[in-house]
Every structure is written in C-alpha cells, then in structure tokens.
Trainee: 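Can you read through this structure? Questions will come right after.
Throughout, protein chains are lettered first and strands after them, A, B, ... in sequence-line order, and every chain is numbered starting at 1.
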There are 2 protein chains.
Amino acid sequence: MSVEVQAKAGKTRLRLWLKLLKTSNAVETALRDRLRTEFGTTLPRFDVMAALDRSPEGLKMSELSRRLRVSNGNVTGIVDRLEAEGHAERHAVAGDRRAMEVRLTGKGRGHFATLAAAHESWVNELMGAITEAEAVRIMEDLDTVARDLEEKR
Amino acid sequence: MSVEVQAKAGKTRLRLWLKLLKTSNAVETALRDRLRTEFGTTLPRFDVMAALDRSPEGLKMSELSRRLRVSNGNVTGIVDRLEAEGHAERHAVAGDRRAMEVRLTGKGRGHFATLAAAHESWVNELMGAITEAEAVRIMEDLDTVARDLEEKR
DNA sequence: CAAATATATTTTAAGCTTGAAATGAATCGG
DNA sequence: CCGATTCATTTCAAGCTTAAAATATATTTG
C-alpha cells in the first residue's frame, strides 16, 4: 500500500474516532441527565448496581472493580454511597478477613429494576436512528477493535 | 412491526450501546494513559489546546465551552492550568469588560503540534482493526444518531 | 436615566476518577 | 515459625465535571 493511501486511511480513522467519541458522549450525557433528574442517581452507581444485580450472591470489591474496569479506590467511594442510600451492603467474607463481599439490598434490587427498565427504553430511543441490521454490523466491527485492544493491554 | 420484533431490535440497540461505550472507553483510556506517561498532560487539556489551535485569533471562554460542550466552570479550571504551564494566555476583550479571549502561546502551539502528531498516530494504531471502508460506513451510521440527538436537545 | 434583565465568567460544593501510599491480612520460602 | 512478599481494601491528593450561586458588566425597557 502506498504512503498516500496509508495516510488517507489514518485520517479517516481519526475522523471516525472523533465521531465515535462525540456520539457516545452525547448518548452518555443524555443518560446521566435522565438518571439525575428522574431518579436522583448517577451512571457510576447504576453501573455498580447492574454488576451486583447480575451476581445476587455478592461480589468482592476487587472483583467489582475488575469487572467495571475502574480502580479499587473508585469502587470504595461508590459502594460507600450506595450503602448510605440503603441500596447495597458490605459483608465480611468467611475465611478471608481482608475481603468484603458487596450485595444489593432488597430495596436496591427493586430500585435497580426500575432504573434498568428506564435505561433500556432511553437507550432504545436515543439510538433509534440505527436499524437492527446496522447495529449488528457495527457491533461486529467494534468487536474487532475491542479484541485488538484487549490483546495489546 | 410486531411487538416481538420491536423488543428484539431494542435489545440489539442496548447491546450496541454497551459495546460502543466499552470500545470508546478503552480507546479513551489508552489515549489518556499515553498523554500522561509520555507527555505529562491530560485529554481535557489536549481538547482545549486543539480548539485553540484551530482559532489562532483566540476564543472567548464561553465560545470555548460551547464548542467543547462542557460547562463554563470546567473551562475556567482547565485554562487556569494551561496558563500556569505557559501554554495559553488570557487577554482582555476590547469593548467588553466581562469577556476574556484565550490564545495558545508560542510554546503552547509548539507543544500542541507534538501532541497532535502523537495523538493521530495512536488513534490510527488503536483503531487499526477497522478498514477505511468500514470506517466510512460506521461514520455514516453514527451521523444519523448524532443528528437525531442534536434535534431532540 | 433607572430598573430589570441578560450575558460572561468565576466560585463553590459534591461526586467521579486515577495512581500512589498506607493498612491489615494471607501466603510462601526457608 | 518468621520474614518477605503478595493481596484486598481504603485513604489521599490532584484533576475533571457539573449545576447552582455569586460577581461584574452590558443591554433593554419602562
């Protein structure tokens, strides 16, 4: 491939990245706004609750931060707030006094069900311009990027 | 369209959103890490410098925050830091004593040229799994989403 | 002109995020 | 068993981000 064609592909990828970023920021901002104004909560709290909802048996703090790909210290603060709201609880782990298991409370589980339904319908509305066929195709392309990134990490 | 088909399309859009978010977070994190470790700077500072570089005549604070789609207070802090580093300068605006015009310094312009070259090559590397043809196609799809979002704001 | 309103910016409080340091507990090699 | 190392978590300092309040200036309107 010629140097010119390479450079052109590079510029196209840069434009794609800027558009990807702009679009995902716009969707994310809309979701944050609605979580805040309609439910008085935040996306980080929603993300933690979503992870906990999928593991009713509870998750260790480190497992939570690994799954969400955020730092340990970050999860500490978010779980602190969920706990203060009565949506999550920390429990000692039998056999390892260093570790803490986090679970949704009954209240947290009910609250999350409401949030998740609203979230799904919002995403569907915000991304409504994309047909199912296009969605499948874009996902396949993004998968190649994600896998590529995963490898080089 | 039947209720079932609608629900299926909705789930597909939700999965697309999650993948879009995951991919753009992964790319963004890689860019942040490299800006930090290789140049001791941040993505917000890079974004502000990029906007200023495109407007050598300077931009008012409010124009800067409008273009970057962030709050005024946010820009205040970032420009404070760029100014402390000697990469940007605030100037009074003739005829409006409320306003401030921000410009890159010579040093800032030179620094940004280095950053921008590295940034472009990083993006090209990180998104290398996408061919130019795929990139063009995805951009078209994202454009419909972005336009749609723009309208409903 | 004076009062009300609008605009440009900064400040503030709260939350999110990170990397690095600190703490306490478990494990491993000798 | 003991010292070193690893591991789980929290704490800390710094920066980013927002919405809302505060400040200062400009514009509009009665």
Side-chain angles (χ1 to χ4, degrees), chain A residues 21 25-26 28-49 58-85 87-102, chain B residues 21 24-26 28-49 51 58-85 87-102:
Chain A
L21 190 57
N25 281 342
E28 196 172 333
T29 298
L31 294 174
R32 280 182 200 280
D33 280 354
R34 293 177 187 194
L35 281 174
R36 185 176 59 82
T37 60
E38 300 195 17
F39 296 105
T41 191
T42 66
L43 207 41
R45 303 215 267 248
F46 177 81
D47 291 340
V48 167
M49 293 186 89
L59 287 175
K60 289 201 290 186
M61 293 296 283
S62 48
E63 181 59 19
L64 203 40
S65 65
R66 200 188 60 74
R67 293 197 189 188
L68 299 175
R69 294 159 201 277
V70 298
S71 66
N72 288 344
N74 189 357
V75 169
T76 295
I78 297 169
V79 170
D80 284 352
R81 281 166 220 119
L82 287 176
E83 217 169 5
E85 294 170 351
H87 289 137
E89 292 172 334
R90 271 181 250 233
H91 297 278
V93 172
D96 190 341
R97 287 190 296 169
R98 294 169 305 180
M100 285 298 215
E101 200 112 56
V102 193
Chain B
L21 189 57
S24 86
N25 281 342
E28 195 172 332
T29 298
L31 294 174
R32 280 181 200 281
D33 281 354
R34 292 176 188 196
L35 281 174
R36 184 176 59 83
T37 60
E38 299 195 17
F39 295 106
T41 191
T42 67
L43 207 41
R45 303 215 266 250
F46 177 81
D47 291 342
V48 167
M49 293 186 89
L59 286 175
K60 289 201 290 187
M61 292 297 281
S62 48
E63 181 58 18
L64 202 41
S65 65
R66 200 188 60 74
R67 291 197 190 189
L68 300 174
R69 294 159 200 278
V70 299
S71 66
N72 288 344
N74 190 357
V75 169
T76 296
I78 297 168
V79 170
D80 284 352
R81 282 168 218 115
L82 287 176
E83 216 170 8
E85 294 170 352
H87 289 137
E89 292 173 333
R90 271 181 249 232
H91 296 278
V93 172
D96 189 343
R97 287 190 297 169
R98 295 169 304 179
M100 286 298 218
E101 200 113 56
V102 193

Trainee: If I take atom CD in residue A:Glu85 and atom C1' in nucleotide C:dG15, what distance separates them, rounded to the nearest angstrom?
Mentor: 12 Å
Trainee: Going from CD on A:Glu28 to CG on A:Asp33, what distance comes out if it is rounded to the nearest 0.5 angstrom?
Mentor: 11.0 Å
Trainee: If each of A:Gly95 and A:Val70 is mapped to the nucleotide of DNA chain C with the nearest heavy atom, which maps nearer the 5' terminus, i.e. the 5' end?
Mentor: A:Val70
Trainee: Identify which nucleotide among D:dT9, D:dA19, C:dT9 has an atom closest to any side-chain atom of B:Lys60, counting heavy atoms from C-beta outward.
Mentor: C:dT9
Trainee: Do B:Ser62 and B:Met100 come within less than 4.5 Å of each other through their side chains, counting heavy atoms only?
Mentor: no
Trainee: Give a yes/no on whether any side-chain N or O of B:Arg90 is located under 4.0 angstrom from OP1 or OP2 of C:dT10.
Mentor: yes
Trainee: In whole angstroms, how far is the C1' atom of C:dT17 from the CG atom of A:Leu43?
Mentor: 14 Å
Trainee: Between B:Gly73 and A:Gly73, who's closer to the 5' end of DNA chain D by nearest nucleotide?
Mentor: A:Gly73
Trainee: Rounded to whole Å, how long is the line connecting atom CE of A:Met100 with atom P of D:dT10?
Mentor: 6 Å
Trainee: Figure out the NE2/P separation between B:His91 and C:dT9, and round it to whole Å.
Mentor: 14 Å
Trainee: C:dA26 phosphate, OP1 or OP2: any side-chain N/O from A:Arg97 under 4.0 angstrom?
Mentor: yes
Trainee: Do the side chain of B:Arg98 and the base of C:dT7 come within less than 3.5 angstrom through a donor-acceptor pair of N or O atoms?
Mentor: yes
Trainee: Contact class for B:Val93 vs. all strands (heavy atom < 4.0 Å): base, sugar-phosphate, or nothing?
Mentor: nothing
Trainee: How many Å lie between CG on B:Leu35 and P on C:dT17, as a whole number?
Mentor: 19 Å
Trainee: Side chain of A:Pro44: nearest nucleotide among C:dG24, C:dT17, D:dT9?
Mentor: C:dT17
Trainee: Any chance you could measure A:Asp47, atom CG, to A:Ile78, atom CD1, to the nearest 0.5 Å?
Mentor: 8.0 Å
Trainee: Looking at D:dT18, I'd like to know if its phosphate oxygens (OP1 or OP2) sit under 4.0 Å from a side-chain N or O belonging to B:Asn74.
Mentor: yes
Trainee: What's the CG-P distance between A:Asn72 and D:dT11, to the nearest Å?
Mentor: 13 Å
Trainee: Nearest 0.5 Å, please: how far is OG1 in B:Thr42 from CG in B:Leu31?
Mentor: 12.5 Å
Trainee: Can you measure from NE2 (B:His87) to CZ (B:Arg45) and round to the nearest 0.5 angstrom?
Mentor: 9.5 Å
Trainee: Is A:Ser62 near enough to D:dT9 that one of its side-chain N or O atoms lies under 4.0 angstrom from OP1 or OP2?
Mentor: yes
Trainee: Roughly how many Å is it from CG in A:Asp47 to C1' in C:dT17, rounded to a whole number?
Mentor: 13 Å
Trainee: Within the structure, does a side-chain N or O atom of B:Arg36 lie under 4.0 Å from either OP1 or OP2 of C:dT18?
Mentor: no
Trainee: How many whole angstroms separate atom CE of B:Met61 from atom C1' of D:dT23?
Mentor: 15 Å
Trainee: Given that A:Asp96 and A:Arg32 both sit by DNA chain C, which one's nearest nucleotide is further toward the 5' end?
Mentor: A:Arg32
Trainee: Applying a 4.0 Å non-hydrogen cut-off, can you work out what B:Arg66 is touching in the nucleic acid: base, sugar-phosphate, or nothing?
Mentor: nothing
Trainee: Let me spell it out: for each of A:Glu101 and A:Asp33, pick the nucleotide of DNA chain D with the closest heavy atom. Which residue's pick is nearer the 5' end?
Mentor: A:Glu101
Trainee: Given B:Ser65, which partner from the list B:Asn74, B:Asn72, B:Thr76 fulfils the side-chain hydrogen bond (donor to acceptor under 3.5 Å, both in side chains) test?
Mentor: B:Asn72
